[in-house]
Amino acid sequence: MPFEPLTRRMEKSMHPFPIDPETGIMRGAEPRDLNPESPLGTVLFVHGFSGAPNNFADLPDAVAAAGWRARVMLLPGHGTDPKAFAITTKEELVDAVLGELRALAARGGPVALVGHSMGGALVTLAAAREPELVRGLVLAAPYYAVTRRWYYGFKPETWLRLLGPVVPWVYSPQATLPVRKRASRPLIVSYNWIPASAMFVANSIAEEAASPDTLARVTAPALLVHSRLDRVTSPPAAERAFGLLGGAEKRAVWLVNSDHIIFWDYEAAVVEREVLGFLAGLQGGKL
């Protein structure tokens, strides 16, 4: 129907993946716990804006196979209904990550954090607020600012402030997901409709995470894995933020044939190798 109301079209495409009737969570968005015998330690995975645990592809399985306990959390407002995302606050998102970190640390000591996109900003805040609980930090295409193109005119954050109040929802179908490997797009769990209110929240998280005061309090060993071709999160902003981290042990890896969702893209094997190597260094004290 060419003139079908927007709200009706939204309802039809609100859930691109089937919903589990018992949990209310989209298939593929469920939190995961992988527990090998006698684990070397614990790794907490924090996904990104409008994403889900499956955005890490097979990396948690590889981490568990290497001997680490892997916990892949589901952020509040995610994996269920975009309307829940629209009312999720910054405090709820930050507190959820801190709650997972504290619970895991209480069970088994300091935790390594892996954050993708907005999850990268969230684990930055967690590492700044609870440095003694963080064993290491993997920042995967972290969100400290949005990638800017010359034709945008204003900064993306400025457009958000201008248009957010009058454009409450943005349609983002699977076919437009930021991954160069197109065959991966139908497999990546995310929302098709993005509330502008959630963009304001994400921007606030990114701004706090990118502040020099926050970054200086992050003292854990850190690995940055980012693509120079990332269309979503700014590589220069990530590079600047990474340089301001307070820890001395830092390594940056730049990808050249990936977009934003690096775990599903052409260099996924490189990402896995670098993350496993970083975790091995944490265990062996060889960073």
Side-chain angles (χ1 to χ4, degrees), residues 1-21 23-31 46-57 72-94 96 116-122 141 143 145-147 149 152 154 156-180 182-206 230-233 259-261 263-264:
M1 297 177 62
F3 300 106
E4 187 175 22
L6 176 62
T7 52
R8 189 176 303 168
R9 283 190 282 129
M10 283 178 61
E11 288 296 332
K12 285 184 177 181
S13 58
M14 192 70 77
H15 303 107
F17 292 83
I19 299 287
D20 185 317
T23 65
I25 297 174
M26 289 191 293
R27 304 285 187 186
E30 304 90 350
V46 184
H47 65 79
F49 180 84
S50 86
N54 109 313
N55 293 183
F56 291 103
V72 195
M73 70 177 293
L74 176 63
L75 288 170
H78 290 73
T80 56
D81 191 309
K83 288 177 286 187
F85 192 23
I87 58 174
T88 301
T89 67
K90 173 183 177 181
E91 291 72 24
E92 287 175 318
L93 291 164
V94 174
H116 176 237
S117 192
M118 183 180 73
L122 287 167
Y143 173 32
V146 177
T147 296
R149 304 294 185 188
Y152 286 177
F154 296 127
E157 293 81 0
T158 302
W159 281 117
L160 175 61
R161 288 194 294 272
L162 292 173
L163 298 178
V166 294
V167 184
W169 291 91
V170 175
Y171 184 49
S172 180
Q174 298 294 117
T176 64
L177 285 174
V179 56
R180 292 169 65 85
R182 295 187 178 186
S184 294
R185 291 176 182 170
L187 306 175
I188 300 170
V189 177
S190 64
Y191 287 143
N192 276 354
W193 288 92
I194 310 299
S197 58
M199 296 181 192
F200 282 106
V201 168
N203 186 57
S204 177
I205 291 170
D230 194 315
R231 292 182 291 141
V232 178
T233 57
D259 201 328
H260 182 59
I261 309 179
F263 311 99
W264 284 92

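Treat the numbers as computed from the prediction; the structure is a model and nothing was measured.
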Would you confirm whether [X], through its side chain, and [Y], through its main-chain N or O, come within 3.5 Å as a donor-acceptor pair?
| X | Y | value |
| --- | --- | --- |
| T176 | P173 | yes |
| T233 | A141 | yes |
| W193 | K83 | no |

Calculate, to the nearest 0.5 Å, the distance between atoms [atom1] and [atom2] belonging to [X] and [Y] respectively.
| X | Y | atom1 | atom2 | result |
| --- | --- | --- | --- | --- |
| S190 | R185 | OG | CZ | 11.5 Å |
| M118 | L75 | CE | CG | 5.0 Å |
| R180 | L177 | CZ | CG | 15.0 Å |
| L74 | E30 | CG | CD | 9.0 Å |
| M26 | D20 | CE | CG | 12.0 Å |
| I194 | S172 | CD1 | OG | 5.5 Å |

Are any of the side-chain heavy atoms of [X] and [Y] separated by less than 4.5 Å?
| X | Y | result |
| --- | --- | --- |
| I205 | L122 | yes |
| T80 | F85 | no |
| M199 | V170 | yes |
| F17 | Q174 | yes |
| D230 | D259 | yes |

Can you give me the closest heavy-atom contact between P31 and I25, atom names plus distance?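 For P31 and I25, the tightest heavy-atom pair comes out as CD-CD1, 4.3 Å.
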If I compare all heavy atoms of V189 with all of N55, which pair ends up nearest, and what's the gap? O-ND2, 2.9 Å
Name all residues meeting the ring-ring contact (aromatic ring centres under 6.0 Å, His included) criterion together with H47; count only those two or more places apart in sequence or in a different chain, and write none if there are none.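 H78.
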Can you sort out the partners of F263 under ring-ring contact (aromatic ring centres under 6.0 Å, His included), two or more places apart, ordered by chain and number?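 Result, ring-ring contact (aromatic ring centres under 6.0 Å, His included) vs F263: F56, H116.
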Are Y191 and F49 an aromatic pair, judged by ring center distance below 6.0 Å? no
